[in-house]
Amino acid sequence: MIYCIFAKKNMEYNFREIQIKWQKYWRENKTYKVDIDKTKPKYYVLDMFPYPSGAGLHVGHPLGYIASDIFSRYKVHKGFNVLHPMGYDAFGLPAEQYAIQTGTHPAITTEKNIQRYREQLDNIGFSYDWDREIRTCDPKYYKWTQWVVIQLFKHYYDNDLNRANPIKFLEEKFEKYGSSEVNAVHSEHEEFTAEEWQKMDYKKRQEILMNYRLMYLSEAYVNWCPKLGTVLANDEVVDGFSVRGGYPVERKKMKQWLLRITAYAQRLLDGFATIDWPEPVVEIQTNWIGRSEGATIFFEIADSNHKIEVFTTRPDTIYGATFMVLAPEHEMSLEIASPEYRQQVSDYIQWAKNRSEVERMAEKKVSGQFTGSYAINPFTKQQIPIYIADYVLIGYGTGAIMAVPAHDSRDFAFARHFNLPIIQVVQRPNEDNIPVEEWSESYDSKEGIMINSGIINGLEVKDAIKTIIEKIEESEIGKKKVNYRLRDAIFGRQRYWGEPIPIYYKDGIPHALSIEELPLELPEIDKFLPTEEGEPPLARAKNWKTFDGYPLETSTMPGFAGSSGYYLRYMDPHNEWELVSEKAVNYWHNVDLYIGGREHATGHLIYARFWNKFLYDLGLVPKDEPFQKLVNQGMIQGRSNFVYRITGTNTFVSYNLKDKYETQKIHVDINIVNNDILDLDKFRKWQPEFENAEFILEDDGKYHCGWEIEKMSKSMHNVQNPDDIVEKYGADTLRIYEMFLGPIEQAKPWDTNGIEGAFRFLKKFWKLFFNNKNEFYLSDEQPDLNELKILHKTIKKVSDDIEKLAFNTAISSLMICVNELNNCNKRKILEPLCILMSPFAPHIAEELWHLAGHNDSVTKQSWPVYNDAYTQENTFNYPISFNGKTRFNLDLDINLNNEQIKEIVLNNENSKKWIEGKEIVKIIIVPRKIVNIVVK
RNA sequence: GCGGAUGUGGCGAAAUUGGCAGACGCGCCAGACUUAGGAUCUGGUUCCGAAAGGAGUGGGGGUUCGAGUCCCUUCAUCCGCACCA
């Protein structure tokens, strides 16, 4: 082969040239294109696709992408057929808010941002198969989002089958048996017989079916954000403010589309057993789903036919229930109020209603109102007063509680405030019998023995719960019940830039569009605002009707709709006839490795699981869980720099001298600071107010800046753009450095100071392939044992570490390898090393691979095979310790037995010093680990 | 309040099952080569101590021949949920 040796002069590591050359080569040769290949095992590596925001990527964004890219490339080397796609979550509020302000169509903003993202991503050299790119705002894509939504509309959840089932089967059951034979998840329940069903008109039947559909319309309390003009799902609201924009959110009763995700609550919990997810995410989702076991119990109301149902997890404490509380929004609140209290009750309800979430959270003062009515405790038969209070939430359980002040802290506070009786029913273990009147807090624990509790006296709490539930069910005053905190997800948004909901109204009754009418494309409108009548923006569209003239739904879908099933679409992105073909989904199954941020734990990651389980029920996907292994990359924090202005002057004092003055700490742009040394000229030019700045420098004549770790943000002037790093050091350096920073899951600060190390490493690696005349040179000489040992040690460590996603230590072992190889230029060592480097630094690896005389891509080479024959040692360097402290080391043959080791160690010169004048108590020898001599 | 995670040099960090604490990199110090160094190379770099040696993984206690790792306790920081009956 002639092209083995290139005698080019001055073969410096020119990363810019190399980068452009190979990115072009990969693009033109479609190096990363992937198709179904049954001769190879599949592997699916997915990144959470980005929302293309106007700000572009900062160095934190690619962290997960680099990790997944390394893993994908590694899997390819290992012989897997790897699906590694990328796309854009392109519907969303920011582009629409921008449209409202500027009139620019969100589609234009989004397209522009996508271009920018693509450029930035391309710069880093990812191995995505771009032929599979998807965008959630593309009608060809959202056709299938709409299609799934229609399926949700057309299915209900059957508790007997424990899966989704077509709604027509529900109709058949109603037709034949009425409601009695149906065990399904529903919102409002209505009992009827088959005859009654048969007599109902179409509209009535549809109303009933709506209570069962998995996408359903319901009058419910929702999070309403007036500023955004839309409702929001629970995960889109934090502390009473919208996540997007940070505007206040109110509660409002509205008719809304919802997804019946609660039907899947138990399966969402059960699924954790089959997937490999980080513990914290499982924990967060488990809390969000919030399963609790207890009972619902009916309380009769004195002098009335009404009954009120409460939910409790502590039915054992029912003998201590001394009052009852209803949520203000409870349908019975006003109804049960006695005439003399009606006005006050009504006032309280009004007051509670007008209180914002924020107010409610800020002040936790006890408030409530007596209704004048009494309930009857079914066990004590005592009359207990009924209150309304806003500490009871309408959205949880039944919106009513039996209050047991002795054993619930909130009830306790309420009872003290309103002077209500407190009866202790659980005896603390080892109690010193303080009378209840003297308690300063309730006793909420489930440890103890029941007292004052009639039939369950003397039982342990656990047994008492079991016994009392049996009793409750026997006397038909209630039943065992599992409750979930998870709420159904509000699915409509009164906004423009989202998928239109494929529903039309015929005589006010919602119907789904047929598949032929999909996609229902987003119409053009004159303004991106609600109509004067307060209708959502889509109501502005001309002819927002079906072909036969029926009005279409004007709400659009929320952000999570498009991202809930996108991983399926990558498997078969151009299929016009199906969401995904059977062939594709039966080959790719589900995502093997999913990398993304933890902030999606209660949003996307739960919706996607629900979505997938639903499709699984329909038989469309073979796996019940979408993401087999999940990894959360940690956040990259910013490293801010500061200058110190002497108060009231324009003089700035260096960090180590600042304590001598009274100073103001000011953020300074990290781009005019190098290794914490401020560039004075650039600083003067940075902002007009600093033009005439004076400096007090340190002894070295430099201005040292202070620094702090903060969130990366524009206002802190600490945003690091990946493009700048790529420009200055190259993509490979960026990739290596980001991975070398620390464990992938851990949050870590970005520190540009360290990047030189990664750059130097690549330069050193490059130099291995060149002789001292700077000519590319590989020797065909046989490697010696030491060189083989270095190589194979590295193969083992790098492979093991990549499998564990421990990229930081993998790189560290590559660094050690390059350091140890020193001037070795043997092909049999450097070519395998080049392949080991390729996932991390693909550009430089590809260049060197081709310089070495190959015509094919390094990315397609098989991973070097580890041979432990090369790493075998016949001696082990034992640490010899006395009383647990290592004093010296000794090379010993690994085949020696403990007796022999003991003999050698005790006779060693060095040992004498530590043994002399002391008694040897014990000698511990752990082969291939340590020798420890205990002396006294 | 409840739940979770994390505490190791000046900095980012490493350390199979308990077995040489600080690998690797940054920074710093010294030297070499240089007109120059913000290039490159060599050596050093946990702290105290001249050395011998001693101390040391947030603090205190325990188990063990031996603890960053296991147990108890305590403190700090970060994150999630938050009137969920």
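Being a predicted model, the structure only gives us computed values, none of them experimental. Chain letters run A, B, ... following the sequence lines, proteins first and then strands; every chain starts at 1.
Between A/M635 atom CE and B/G80 atom C1' there is a gap of 13 Å when expressed in whole angstrom units. Atom NZ of A/K711 and atom P of B/C79 are 10 Å apart (whole Å). Rounding to whole angstrom units, CZ of residue A/F759 and C1' of B/C24 are separated by 19 Å. In this structure, A/F740 places its CZ atom 13 Å from C1' of B/G27, rounding to the nearest Å. Atom NE2 of A/H407 is separated from atom P of B/C83 by 23 Å (rounded to the nearest Å). Between A/D408 atom CG and B/G1 atom P the separation is 17 Å, expressed in whole Å. Rounded to an integer number of Å, the gap from CD1 of A/I736 to C1' of B/A13 is 16 Å. Protein atom CG of A/D801 is 12 Å distant from nucleotide atom C1' of B/U16, rounded to whole Å.
Within the nucleic acid shown, A/N808 comes within 4.0 Å of sugar-phosphate atoms alone, with no base atom in reach, counting heavy atoms only. Residue A/R887 is in sugar-phosphate contact alone, with no base atom involved, counting any heavy-atom pair closer than 4.0 Å across all strands shown. Counting any heavy atom pair closer than 4.0 Å across all strands shown, A/Q746 reaches sugar-phosphate atoms only and no base atom. Within the 4.0 angstrom heavy-atom criterion, no nucleotide atom of any strand lies near A/S813. Within 4.0 Å of A/N932, counting heavy atoms only, lies at least one base atom of the nucleic acid. Counting any heavy atom pair closer than 4.0 Å across all strands shown, A/I924 reaches a base atom. Using a 4.0 Å heavy-atom distance criterion, A/V926 is classed as a base contact.
Across all strands shown, B/C70 forms a Watson-Crick or G-U wobble pair, both distances under 3.5 Å, with B/G62. Base pairing annotation: B/G9 forms no Watson-Crick or G-U wobble pair, as no partner gives both donor-acceptor distances under 3.5 Å. With a cut-off of 3.5 Å on both pairing distances, the Watson-Crick or G-U wobble partner of B/C78 is B/G4. Nucleotide B/C41 forms a Watson-Crick or G-U wobble pair with B/G31, both donor-acceptor distances falling under 3.5 Å. With both pairing distances under 3.5 Å, B/A55 is matched to B/U46 as a Watson-Crick or G-U wobble pair. Figure legend. B/G22 is base-paired to no nucleotide; pairs are counted as Watson-Crick or G-U wobble with both atom distances under 3.5 Å. Pair assignment for B/C83 gives none, since no Watson-Crick or G-U wobble pairing has each distance under 3.5 Å.
Between the NZ atom of A/K793 and the OG1 atom of A/T871 there is a distance of 10.0 Å, given to the nearest 0.5 Å. Atom CZ of A/F418 sits about 9.0 Å away from atom CZ of A/F323, to the nearest 0.5 Å.
Syn is the classification of B/G9, since its glycosidic angle stays within 90° of 0.
The separation of B/G68 from B/G18, taken at their C1' atoms, amounts to 11 Å, rounded to a whole angstrom. Rounded to the nearest Å, the gap between the C1' atom of B/U69 and that of B/A85 is 42 Å. Going from the C1' atom of B/G44 to that of B/U57 covers 24 Å, rounded to whole Å. A gap of 34 Å separates the C1' atoms of B/G3 and B/G56, to the nearest Å. B/U17 sits 10 Å from B/C70 when the P atoms are compared, rounded to a whole Å. B/C83 and B/U64 have their P atoms separated by 48 Å, given to the nearest Å. Comparing B/A14 with B/A21, their C1' atoms are spaced 10 Å from each other, to the whole Å. Rounded to the nearest Å, the gap between the P atom of B/U6 and that of B/G58 is 13 Å.
Comparing B/G19, B/C24, B/G80 by their nearest atom to the side chain of A/I930 picks out B/G19. For A/S812, whose side chain is taken as the heavy atoms from C-beta onward, the closest listed nucleotide among B/G19, B/G3, B/C24 is B/C24.
Side chain A/N889 to base B/C20: a donor-acceptor pair is found below 3.5 Å.
With hydrogens and angles left out, the side-chain atoms of A/Y319 and A/N377 include no donor and acceptor closer than 3.5 Å. Under the 3.5 Å distance criterion, with hydrogens and angles disregarded, no donor-acceptor pair is assigned to the side chains of A/S442 and A/D408. At a cut-off of 3.5 Å, with distance as the only test, no side-chain donor of A/S292 or A/N483 sits close to an acceptor on the other residue.
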Next on the checklist: Using the rule given for side-chain contact (heavy atoms from CB on, under 4.5 Å), can you reason through A/T296 versus A/K479, listing the C-alpha separation, both sets of side-chain angles and the distance that settles it, and then say yes or no?
Outcome noted: CA-CA 6 Å; A/T296 55; A/K479 54 178 187 261; 4.1 Å; yes
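Remark: A/K797 engages A/D801 in a salt bridge, criterion side-chain N to carboxylate O under 4.0 Å. Between A/D800 and A/K804 no salt bridge is recorded (no basic side-chain N to carboxylate O distance below 4.0 Å). A salt bridge does not link A/E12 to A/K763: none of the charged side-chain nitrogens sits closer than 4.0 Å to a carboxylate oxygen.
Here A/S292 reaches the OP1 or OP2 of B/A85: one of its side-chain N or O atoms lies under 4.0 Å away. Between A/K885 and B/G54 there is no side-chain N or O to OP1 or OP2 distance below 4.0 Å. Listed pair A/K922 / B/C65 meets the phosphate criterion, a side-chain N or O lying under 4.0 Å from OP1 or OP2.
Where A/D411 and A/N819 meet RNA chain B, the nucleotide closest to each residue was compared, and A/N819 sits on the side nearer the 5' end. Sequence order on RNA chain B of the closest nucleotides to A/R485 and A/W914 puts A/W914 first from the 5' end.
Proximity of the aromatic rings of A/Y387 and A/F414 is defined here by a centroid distance below 6.0 angstrom, and this criterion is met.
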Polar pairs (N or O, both sides) under 3.5 Å between protein and nucleotides 37-48 of chain B?
unit_1, atom_1, unit_2, atom_2, d
B/U40, OP1, A/K763, NZ, 3.2

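Annotation for A/Q266: atom CD counts as buried by contact number, over 12 foreign heavy atoms lying within 6.0 Å.
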